[in-house]
Each structure stands twice: as structure tokens, then as C-alpha cells.
K.L.:
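After the C-alpha cells below, expect a handful of questions from me.
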Amino acid sequence: MKLKEYLSGLFANLSKNLEYLNNTPILFNVPNQANFGDLSTNIALSVAKGLKRNPREVAQEIVDNISLDRNIIDKIEIAGPGFINFFFNPEYLAQIIKIIHAQENEYGKSKKYIGVRANVEFISANPTGPLTVGHGRNAVVGDTVANLLEAVGYDVDREYYFNNAGRQMRVLGDSVRLRYLQLMGDNLEFPEDYYQGEYIKEIAQKLYSEFGDSLKDEGPEGLFKETAEKEIFNDIIKTMENIGIKMKIFYNENSLYQEDRINQLLRLFKEKNLSYENEGALWLKLSELGNEQDKVIVKSSGEPTYRLPDIAYHITKFERGYDLIVDLFGSDHNATYPDVLAGLKSLGYDSEKIKVLIHQFVTILQNGEIVKMSTRKANYITLDELSDEVGKDVVRYFFNMRSINSHLNFDLDVAKKQSDENPVFYLQYAHARISSILKMTSEQGLKSDINQVGLLRKTEEQNLIKKIIEYPEEVLYSAEHFETHRIPVFLEELASLFHKFYTECRIIGSEKNLAEARIALVEAVQIVIKNGLNILGVSAPNRM
RNA sequence: GCGCCAAUAGCUCAAUGGAUAGAGCAACAGCCUUCUAAGCUGUAGGUUAGUGGUUCGAGUCCACUUUGGCGUACCA
């Protein structure tokens, strides 16, 4: 049910008579007070100044030109400085219930971006240790953004980019090797800057059980590193499964070298005269492209910096035919992506297709103190520990409920409480309550009757109806703005309206037609809650 | 120094340039012989960090200031 489109249609007809309506986009929004109507426009206010007329007078002229269909709109009012407020016919609004019943799981989805291909890259943690609570926000938001894009029609690939070469991984392999030698009885010192985690010892133990002493002359980069990578990756994949994430693509940075893409890219930069040598290093001319300063792409040691493979990697995303490329990083990366975008742009790629999302950090509070996370120092709480403790639903809800631009405080003690302090239960409770209602009413011989929904005239009923009408637009807006937190906000408002309805409007005991109309309404509400929770990756229980 | 993000009720946070800034938690007072009280109702709580500006209209946009987080590598 597209109320705004309906009004836009009305106004499009008006613009023949009232020329000033042609120049300004006409926006409708839901006023924050019921007595200002269901939808409102400020068009008279925005147009009045240019016309040098009184906005209320302009509003009156607009309203006088509208021909009303009373089956759809009850009344139009001019209010305040010149707002035009539309009050829809309650019976007409109640028709949304029929639509929701017909569409069920599809309600809220959109075909707007059908056939458009998107790649969402997230997590992208190198396999040097388990995913921590610190990775949780990236993981959950990335997956939810992908869900949102799918809901509006995109064909989405979830992608995990990783690097299993380089110094970090060498140190990882050597950490396992030293732990292995310790198991053999060598009394050697374990360096402070090596990976301290217990999982390193477990991997060493595994190798020791399988191979005994036979690996004592093995170097760090062979079996030690490979085993570590394999074990850690298995662990990461399991962790992702635990919170409902399934990657489609794991992209290994190393394949960029194997496919000679790095050298090709270097040649391309040289051909286009975008690079130059200085002090033994190769620099990219980013200052000419509007960035602050030139940056090194190949160190004097001959090794590339991260920029070069990152640019090559994004070129593959273009070559793989994506129309939308989403990268989700923590705020510690916020200085890196402009170089990459500028590099791509200089080669003629449309960097507008790349949407970089930066989320702010998560502060973990335990016993009232900030926990500083470090994989290297093994000072962390794993994402598994968290989801074991509080469950997938709480984890996913918690990380999704805040704007990514805001710093997130994650108080472990509160999350573990599983009390009513946690809003996810509020939503799930509403869903479970509806299941319970449907069970009880069915036992009473009452059925859902969508043909009686015109009887739903009470404030609580109408408020619910108006809210579920907004849902598809909310999904579309959230997807287009990559704002996952809007869904929890919407659902909490919906659940609140439902709980109010529940308190005020009984079903069993009401007149039969009304009771059956109310059943149709709560079924529709349940569908919307479920669809919303589905986007978040949170389960919708029938019983709590 | 420079860049990005933030600052809103005691706490954690919402708010698409609109009308009287909203939720949850915490506090206080009520509501279960009736579809799940993980719920509902009410009370209290605000100079939207500050100062200017743009606008018919600013929590929202702009400038400056203050405070905090993250960066500012020939680390990723």
C-alpha cells in the first residue's frame, strides 16, 4: 500500500493548474503527532517564499484544487504555518492486512534493485586467531547489510578477503613451532611479541599427537603455518555459523600474485605515468588526484604495501561485474580507503560504485572495566564465548541496534543477564504472544477473517495498521542508506504498539466479526515482526 | 598539527531540515480468578557540550571552540 505514491499522483494532476508545484519536489512524511494526520507535506511552506505569498494561503489554494476520493482520504487540513495534513480513511488503511496476508514472507521486500549485483565484503580478518567480540560488530552488520540489500532485490555475494602470507603469518607459524618444541621438552623462551593464545598450544598439541618428535627440524613456514591457518579458519567458519553467517566467497590475497595481477597493475600505473621512484621506493601520484599526499606502493625492500593488492583486489570486483561494492571496515581503517579509491579512479574505474562503510569501535565492559583486545597478546573475549553465553539472537540484535557511526558500549554483564533490559526479548515476546493468541483463539473456533478488517477502528488498532503500512518503506530506506539499526528501532515501536493493543483490545470475548478481524490484524503484525527479525538474523520464537 | 566519527534525560541510545525532541533501563506510584506480567498505565527526569551563522523553521546544515574515540607508516 503506497500512500505516498497515491498522494504524489494527486499532486501530479494538480501541477497542471498550479505551476509552482512543478519546480519543487513534493515530500510527504509521517507527522509525530496523531492529530496532524497520517501524512503531511510542507510543500506550501517551501514554495511560498518564491511566490512571495502567505504559505497558508498557498496551502488553501492547493487543497481547493484536490478532488477527494472519500473512500481513500477522509479529510485534509491546513495546520500551523502551512502544513497540509492528510487523514486517510481507516477502512482503506485496514486493507493493508489483506496485502500482508497475501504476501507473507515477501511483505516488505522490494523489487527495486532486482537484477543488480552487489558484493558485500566484511570480517576479512586474517587467520591469526579466533574471531573476537571486537570482530562481532563487523560480522553482524556486514551480514545484515547483505540481508537488507537482498530484501530490496539485489543479488548479493558475501565475501571474506584474507591474507595468508606476510610477516604476521610467519610469526604465527613460528609461534606454533615454538609451542611444539616446548611440548617436546625444550625449555625455550616464548617471545613476548608472539601469539600468546591458548589456541596456539592446542594446534601444537595436535601436531605433536600426530607427528611426535618428527617435526623438530621443520621451519616455521611449512606445516606449522599451514596447520595453524587451516585450524584457525575452521574455527572462524564455525564461529560465523554460530551467528548465522555464511560467506559465499573467500578471496585470498595471494591469488592476486599468482595471477600476476600485481605486476600487471604496476605496469599499468607506469604506462599511465601515475607512479614514480623515489628513495628506492615506488610511489603513487595521489596528490595529483586530489588526495593529501603521494603514497608508497612498493617499499624499497621490493615488497608492496597494502595499497597495491587492495587496488588490484577491487579491480577484480569490477571485473567480476558487481554494480555495487560494499566494504565494511572498523574505524582504524578510515585512513586507508581514500588511497585505494583514488587509485581505482585514476585507472578509470567508477569509484562511485564502491560504498565504504566505517563502523566505530566497540568498547567491551566487563565488571565495569574496559577490556582492551589484542589477538597477539591473547587478551580477548571470543565471539564464540559471547554467543555461547547470550545466544546468537542477542549478539545479532545488540550489534545491529546502534548506528555504525556511534561508538558502541557492550556491557558483558548486562548482555549476560538475559533480563528484560534486553530489547530483543521485548520483540520476541510480542511474536510469541501472538502465536499464543492464535493458538487460544483457534481452540475457541475463531478464525482469521480479512473481510472484516474494516471494523478495526479503535486507536490501538489503527496505530498498528499505520505502523505495518510503513514497514516496506522502512526496509527500502534502511537498505539504501545501509543503516541496519533502523530495523530494530522500527520493530521496537511496532512491538510496543502491539503490546498496547494486547492490553486494550481483547479477542476472545469480543463480537465474532470483530474478533476475527483482530485475529487477521495480529497475524499481519506477526508476519511483519518475523520478516523484520529475519532481516536481522534473529529468530522469531513461538513460545518464550 | 591534520583527517574521520561522536557529544541528546541519571545510564545506554533513537529522531528523513518541520509542528510539543522520543524509547529502553534505573527511580517512584499503580494494574494479573479473563488470549503469555519478558507485558501495560501513570509520575519524575532536557538550555540536544558551547558560541555564532544559514533558513519561514535547526538536535539535524555551515563556521569556530571544548571534550572523547580512531587514525595520521616504506604495518594490514
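All heavy atoms count here, side chains included; hydrogens, waters and symmetry mates do not. Every chain is numbered from 1 and lettered A, B, ... according to where its sequence line falls, protein lines coming before strand lines.
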K.L.:
Hunt down the Watson-Crick or G-U wobble partner of B:U12, both distances under 3.5 Å, from any strand shown, or write none.
P.N.:
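Across any shown strand, B:U12 pairs with B:A23.
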
K.L.:
Can you say whether the rings of A:Y477 and A:H481 are parallel (under 30°), tilted (30 to 60°) or perpendicular (over 60°)?
P.N.:
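The arrangement is parallel - the two ring planes meet at less than 30°.
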
K.L.:
Do we see A:Y426 stacking on the base of B:A38, given a limit of 5.5 Å between centres and 30° between planes?
P.N.:
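Not stacked by the 5.5 Å and 30° rule.
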
K.L.:
Distance between the P atoms of B:G59 and B:U54, in whole angstroms?
P.N.:
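That atom pair is separated by 16 Å.
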
K.L.:
Between B:A58 and B:U47, how far apart are the two C1' atoms, rounded to whole Å?
P.N.:
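Approximately 15 Å lies between the C1' atom of B:A58 and that of B:U47.
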
K.L.:
Would the A:F28 and A:F11 ring centres measure less than 6.0 Å apart?
P.N.:
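Judged by ring-centre distance (under 6.0 Å), A:F28 and A:F11 do meet the cut-off.
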
K.L.:
Describe the nucleic acid contact of A:N542 in one word from base, sugar-phosphate, nothing, applying a heavy-atom distance below 4.0 Å.
P.N.:
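The residue A:N542 makes base contact.
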
K.L.:
Kindly point out which of B:G18, B:C13, B:G3 is positioned nearest to the side chain of A:N334?
P.N.:
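Closest nucleotide to the A:N334 side chain: B:G3.
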
K.L.:
Please confirm whether any donor atom in the side chain of A:S300 sits under 3.5 Å from an acceptor in the base of B:C74, or the reverse.
P.N.:
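A donor-acceptor contact between them is present.
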
K.L.:
Have a look at A:T336 and say if it touches a base, only the backbone sugar-phosphate, or nothing, with a 4.0 Å heavy-atom cut-off.
P.N.:
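A:T336: base contact, heavy atoms under 4.0 Å.
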
K.L.:
So what does A:N85 touch, heavy atoms closer than 4.0 Å: a base, only the sugar-phosphate, or nothing?
P.N.:
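Base contact.
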
K.L.:
B:A9 and B:U41: how far apart are their P atoms, nearest whole angstrom?
P.N.:
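Taking atom P in both B:A9 and B:U41, they lie 23 Å apart.
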
K.L.:
Heavy atoms only, 4.0 Å cut-off, all strands: where does A:E473 land among base, sugar-phosphate and nothing?
P.N.:
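Answer is base: heavy atoms of A:E473 come under 4.0 Å of a base.
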
K.L.:
If you measure from the P atom in B:G3 to the same atom in B:G39, how many Å do you get, rounded?
P.N.:
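It works out to 47 Å between them.
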
K.L.:
Counting only Watson-Crick pairs (N1-N3 plus N6-O4 or O6-N4) and G-U wobbles (N1-O2, O6-N3), all under 3.5 Å, who is the partner of B:C28?
P.N.:
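Matched B:C28 with B:G42 under the 3.5 Å cut-off.
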
K.L.:
Check step by step if ring pair (Phe, Tyr, Trp, His ring centres under 6.0 Å) holds for A:F490 and A:Y471.
P.N.:
CA-CA 8 Å; A:F490 175 87; A:Y471 177 68; 5.5 Å; yes

K.L.:
Checking all strands, does A:N42 fall into the base, sugar-phosphate, or nothing category for heavy-atom contacts under 4.0 angstrom?
P.N.:
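A:N42: base contact, heavy atoms under 4.0 Å.
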
K.L.:
On a whole-Å scale, what distance lies between the C1' atoms belonging to B:U51 and B:C11?
P.N.:
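That atom pair is separated by 28 Å.
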
K.L.:
What is the nucleic acid contact for A:T305, judged by heavy atoms within less than 4.0 Å: base, sugar-phosphate only, or nothing?
P.N.:
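Sugar-phosphate, backbone atoms only, no base.
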
K.L.:
Please say which of A:T336, A:D339, A:T305 ends up in a side chain to side chain donor-acceptor pair (under 3.5 Å) with A:K295.
P.N.:
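Option passing the side chain to side chain donor-acceptor pair (under 3.5 Å) with A:K295: A:D339.
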
K.L.:
With a 4.0 Å cut-off on heavy atoms, is A:A432 in touch with a base, just the backbone sugar-phosphate, or nothing at all?
P.N.:
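The answer is base, as A:A432 lies within the cut-off (heavy atoms under 4.0 Å) of a base atom.
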
K.L.:
If you check every side-chain atom of A:I437, which of B:C35, B:A38, B:A76 has the closest atom?
P.N.:
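Out of B:C35, B:A38, B:A76, the nucleotide with an atom closest to A:I437's side chain is B:C35.
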
K.L.:
Return whichever of A:V489 or A:Q360 has its heavy-atom-nearest nucleotide of RNA chain B closer to the 5' end.
P.N.:
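Result: A:Q360.
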
K.L.:
With respect to the side chain of A:K299, which nucleotide from B:U12, B:C70, B:C75 is positioned closest?
P.N.:
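Per side-chain heavy atoms of A:K299, the pick is B:C75.
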
K.L.:
Hunt down the Watson-Crick or G-U wobble partner of B:U67, both distances under 3.5 Å, from any strand shown, or write none.
P.N.:
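WC or wobble partner is B:A6.
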
K.L.:
Rounded to whole Å, please give me the gap between NE2 in A:H485 and P in B:A6.
P.N.:
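Those two atoms, NE2 and P, are 11 Å apart.
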
K.L.:
Look at the side chain of A:R402 and decide which nucleotide, out of B:A76, B:C40, B:U12, has an atom nearest to it.
P.N.:
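Nucleotide nearest to A:R402's side chain: B:U12.
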
K.L.:
Could you work out which one of B:C56, B:C70, B:U34 sits closest to the side chain of A:K49?
P.N.:
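Between B:C56, B:C70, B:U34, the one nearest the side chain of A:K49 would be B:C56.
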
K.L.:
Given that A:S40 and A:K4 both sit by RNA chain B, which one's nearest nucleotide is further toward the 5' end?
P.N.:
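It is A:K4, whose closest nucleotide lies nearer the 5' terminus.
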
K.L.:
Would you say A:E352 has more than 12 foreign heavy atoms packed within less than 6.0 Å of its CD?
P.N.:
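It does not: A:E352 CD has 12 such atoms or fewer within range.
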
K.L.:
Counting Watson-Crick and G-U wobble pairs only, both distances under 3.5 Å, name the nucleotide matched with B:C75, or none.
P.N.:
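Pair assignment: B:C75 / none.
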
K.L.:
Rounding to an integer number of Å, can you tell me how far A:W283 CH2 sits from B:A73 P?
P.N.:
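In whole Å, B:A73 P and A:W283 CH2 are 10 Å from each other.
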
K.L.:
Considering every strand and a 4.0 Å limit on heavy-atom distances, what is the contact class for A:E303: base, sugar-phosphate, or nothing?
P.N.:
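Answer is nothing: A:E303 stays at 4.0 Å or more from every strand.
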
K.L.:
What is the nucleic acid contact for A:E279, judged by heavy atoms within less than 4.0 Å: base, sugar-phosphate only, or nothing?
P.N.:
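Touches a base.
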
K.L.:
So, do A:F36 and A:F83 have ring centers that fall under 6.0 Å from each other?
P.N.:
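Not close enough - the centres of the two rings lie 6.0 Å or further apart.
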
K.L.:
Run the ring-centre check on A:F250 versus A:F233 and record whether the distance is less than 6.0 Å.
P.N.:
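Ring centres of A:F233 and A:F250 closer than 6.0 Å.
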
K.L.:
Suppose you measure atom C1' in B:G10 against the same atom in B:C40; what distance do you get, rounded to whole Å?
P.N.:
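Per the computed distance, 24 Å lies between those C1' atoms.
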
K.L.:
Please work out if A:N409 contacts a base, only the sugar-phosphate, or nothing of the nucleic acid, heavy-atom cut-off 4.0 Å.
P.N.:
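Since only primed, P, OP1 and OP2 atoms lie under 4.0 Å of A:N409, the category is sugar-phosphate.
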
K.L.:
By the 4.0 Å heavy-atom rule, please label A:N32 as base, sugar-phosphate, or nothing.
P.N.:
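Result for A:N32 = sugar-phosphate.
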
K.L.:
Which nucleotide, B:G71, B:G39, B:G69, lies nearest any side-chain atom of A:H407?
P.N.:
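The listed nucleotide nearest to A:H407's side chain is B:G69.
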
K.L.:
Show your reasoning for whether side-chain contact (heavy atoms from CB on, under 4.5 Å) applies to A:E61 and A:Y20.
P.N.:
CA-CA 11 Å; A:E61 182 172 78; A:Y20 50 78; 2.5 Å; yes

K.L.:
When the P atoms of B:U8 and B:C61 are compared, how many Å lie between them, rounded to an integer?
P.N.:
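These two P atoms come out 16 Å apart once rounded.
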
